[in-house]
Amino acid sequence: MSALSTFHHHSWKTLILASQRCKTLQQIKSTHASFIIHNHHRNTYAISKLLTSLLPLPNPNKHFPYASLIFHSIQSRNAFVYDTMIRLSSRTSHPHLGVRYFKLMLTEDDDESIAPSYLTFHFLLVACLNASLFDTCKQVHSFVVKNGVFASDGHVQTGILRLYVEDGVLSDARKSGLGSDGLIVFREMLGRGIEPDKFLITTALTACAQGGVLAQGKWVHEVLKKRKWIESDVFVGTALVDMYAKCGCLETAVEVFEKLSKRNVFSWAALIGGYAAYGYGKEAVTCLEKMEGGDGVKPDSVVLLAVLAACAHGGFLEEGRGILDNMESRYGIIPKHEHYSCIVDLMCRAGRLDEAFDLIEEMPMKPLASVWGALLNGCRTHKNVELGELAVKNLLELEKGNADEEEAALVQLSSIYMTAQRNGEASKIRQMIGQKGIRKAPGCSVLEVDGDVTKFVSGDVSHPNLLQIHTIIHLLSVDALQIL
């Protein structure tokens, strides 16, 4: 028997084995040709195995078109085939294609509809998240809850939790007594006896930090204590430090930080970031020194930015300027725009407006809105009309088309004119704002009391306790006047 005839007798199982050994796209194409020659390309099981051989290959964008070709050649597709295509889509630069394959899966023309499995939803969630299709993800969430998949699969639950963290819903009004949609999911998982992994715990802590929900963060901390992950895992410990720091509990953040058996640059950045947020410049600078001397950890640009921000909020001009001037020589880090912005802000807070303007002119890159905004704030505080006008001129050029920022700049300029007794020019600015029809988005703040989170929006009269709130504010105002 010739070699060719021997090859023809190879079974489809042999070809499946060959497809699993493929390491390149060219090998897969050759194996595919063998499938066609031996008429095995109509065998759905066999060809689906060939399709999965594309998953480990690098550069998914390059071989995705061939995967699509194989997919469309399959006459009788099953859930496994669709799962593979959704999974492949999620790894490309066009992950939204995964949603198209899912919709196609639900509209197959076969006599029997193809039912998605828990793996389908897992791969679909990954594709949606990679494509930032958060609304679609929420539809998937509703779908899996209705079909009972959510209650039975940890991978799907993790994907849902990741959705609510990445979508940023934790900082909006959709918060309940449990803190957020994402944390509700986390609680449900624990309630069903699903053991969380370290990634899930870190995600939950990030959710608490972003939403400022301290009570929920403390609850997650208690979950952690039972598993003794705080000291042993640097990423979990760092997430806990970050949560307490962002929620304003700096003493607790320091306690957790000190107990970490190992600290990296992210751990230090979390603690220093907490000091920066609350204006503890001296402590931030001390942390920087300990970081280098005690732990031997070299700071990166993010850490140095946090230290500079802390110096700006605390008024440590000399220390902040020294760090900026020595960043490249001492740390090997070239200052970026945001580092200059911090020092300009620091100088303006200290009333050194001329020095701040000189630094702006010396910047090696084009000053952006943050720099001119810092200068404008300083001009309003220290009543410098000339530099204020210059700052506004540059801001309006940079923020052209951004109504909120344009109005903010013009309002500040109007205030500067008013404090300088130039009422006519202030009136003109106000008229300009009215003529442009600029309307600033209302400010808001979020407050947590006993685990309940409430959002307050400027000008909102829909709060159910509005009368009581205004009564308390009035009483506080009266007390304050009596003290004065």
K.L.:
Would you call Y101 and L88 a side-chain contact if the rule is heavy atoms closer than 4.5 Å?
P.N.:
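Contact flag for Y101/L88 side chains = no.
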K.L.:
Look at the side chain of Y278 and the backbone N and O of G248, then say whether any donor-acceptor pair between them is shorter than 3.5 Å.
P.N.:
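At least one qualifying donor-acceptor pair exists.
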K.L.:
Mind checking the CG-CG spacing from L133 to L125? Nearest 0.5 Å is all I need.
P.N.:
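Here the interatomic distance stands at 11.5 Å.
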K.L.:
Thinking salt bridges, do R87 and D83 make one under a 4.0 Å N-O criterion?
P.N.:
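Between D83 and R87 there is no salt bridge, as every charged N stays at least 4.0 Å from the carboxylate O atoms.
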K.L.:
Please give me the minimum heavy-atom distance between L57 and L25, naming the atom from each residue.
P.N.:
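Minimum heavy-atom contact is CD1-N, 3.9 Å.
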K.L.:
Just wondering, do C287 and M291 contact through their side chains at under 4.5 Å, heavy atoms?
P.N.:
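No. Closest side-chain heavy atoms not under 4.5 Å.
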K.L.:
Can you see whether N130 engages S90 through a side-chain donor-acceptor pair at a distance of less than 3.5 angstrom?
P.N.:
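Per modelled atom types, N130 and S90 side chains form no pair under 3.5 Å.
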K.L.:
Please examine the side chains of M85 and L51, heavy atoms only from C-beta on, and report whether any two atoms are closer than 4.5 Å.
P.N.:
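Yes, their side chains come closer than 4.5 Å.
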K.L.:
Could you grab the distance from atom CE of M327 to atom CD1 of I323, nearest 0.5 Å is fine?
P.N.:
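Rounded to the nearest 0.5 Å, the CE-CD1 separation comes out at 9.0 Å.
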K.L.:
For S370 and Y340, what are the C-alpha separation, side-chain angles and deciding distance, and is it a side chain to side chain contact (heavy atoms under 4.5 Å, CB included)?
P.N.:
CA-CA 10 Å; S370 59; Y340 282 100; over 6 Å; no
K.L.:
Would you name the heavy atoms of D345 and A312 that are closest together and state the gap between them?
P.N.:
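So the two residues come closest at OD2-CB, 3.9 Å.
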K.L.:
Do you know which two heavy atoms are closest between V297 and N264, and how far apart they sit?
P.N.:
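Distance-wise, the nearest heavy atoms are CG1-C, 4.2 Å.
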K.L.:
Does the side chain of L106 come within less than 4.5 Å of P116's, by heavy atoms?
P.N.:
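Side-chain contact under 4.5 Å: yes.
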K.L.:
Could you check whether any side-chain heavy atom of D242 comes within less than 4.5 Å of a side-chain heavy atom of L205, counting everything from C-beta outward?
P.N.:
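D242 does not reach L205 side chain to side chain.
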K.L.:
Can M105 and R77 be said to form a side chain to side chain contact (heavy atoms under 4.5 Å, CB included), step by step?
P.N.:
CA-CA 9 Å; M105 178 182 188; R77 306 181 191 111; over 6 Å; no
K.L.:
Enter the distance from S267:OG to K262:NZ here, rounded to the nearest 0.5 Å.
P.N.:
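S267 OG to K262 NZ: 9.5 Å, rounded to 0.5 Å.
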K.L.:
Give, for atom NE2 of H32 and atom CG of L54, the distance between the pair rounded to the nearest 0.5 Å.
P.N.:
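Separation between the atoms: 10.0 Å.
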K.L.:
Counting only N and O atoms by type, is there a donor-acceptor contact under 3.5 Å from the side chain of S48 to the main-chain atoms of T44?
P.N.:
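Confirmed, S48 side chain pairs with T44 backbone.
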K.L.:
What's the separation between atom CD1 in I70 and atom NZ in K29, rounded to the nearest 0.5 Å?
P.N.:
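Answer rounded to 0.5 Å: 10.0 Å.
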K.L.:
Given side chains that start at C-beta, do those of L124 and V99 come closer than 4.5 Å, heavy atoms only?
P.N.:
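The answer is yes; the side chains approach within 4.5 Å.
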K.L.:
State, yes or no, whether a side-chain contact exists between K290 and R263 at a heavy-atom distance under 4.5 Å.
P.N.:
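They are not in contact (no side-chain heavy atoms under 4.5 Å apart), so the answer is no.
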K.L.:
Just one of L305, V303, L304 clears the side chain to side chain contact (heavy atoms under 4.5 Å, CB included) bar with I272, so which one?
P.N.:
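Going through the options one by one, the only one that passes is V303.
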K.L.:
Taking the six-membered ring where the residue is Trp, are the ring centres of F64 and H94 under 6.0 Å apart?
P.N.:
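Not under 6.0 Å, so no.
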K.L.:
Verify, without hydrogens or angle tests, whether T84 (side chain) and T52 (backbone) share a donor-acceptor contact under 3.5 angstrom.
P.N.:
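No; zero donor-acceptor contacts below 3.5 Å.
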K.L.:
Hey, can you tell me if F235 and F266 have their rings parallel, tilted or perpendicular (30° and 60° cut-offs)?
P.N.:
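Taking F266 first and then F235, their aromatic rings sit tilted (interplane angle of 30° to 60°).
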K.L.:
Could you tell me whether the side chain of K336 reaches within less than 4.5 Å of the side chain of H339, counting heavy atoms only?
P.N.:
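Touching, per the 4.5 Å side-chain cut-off.
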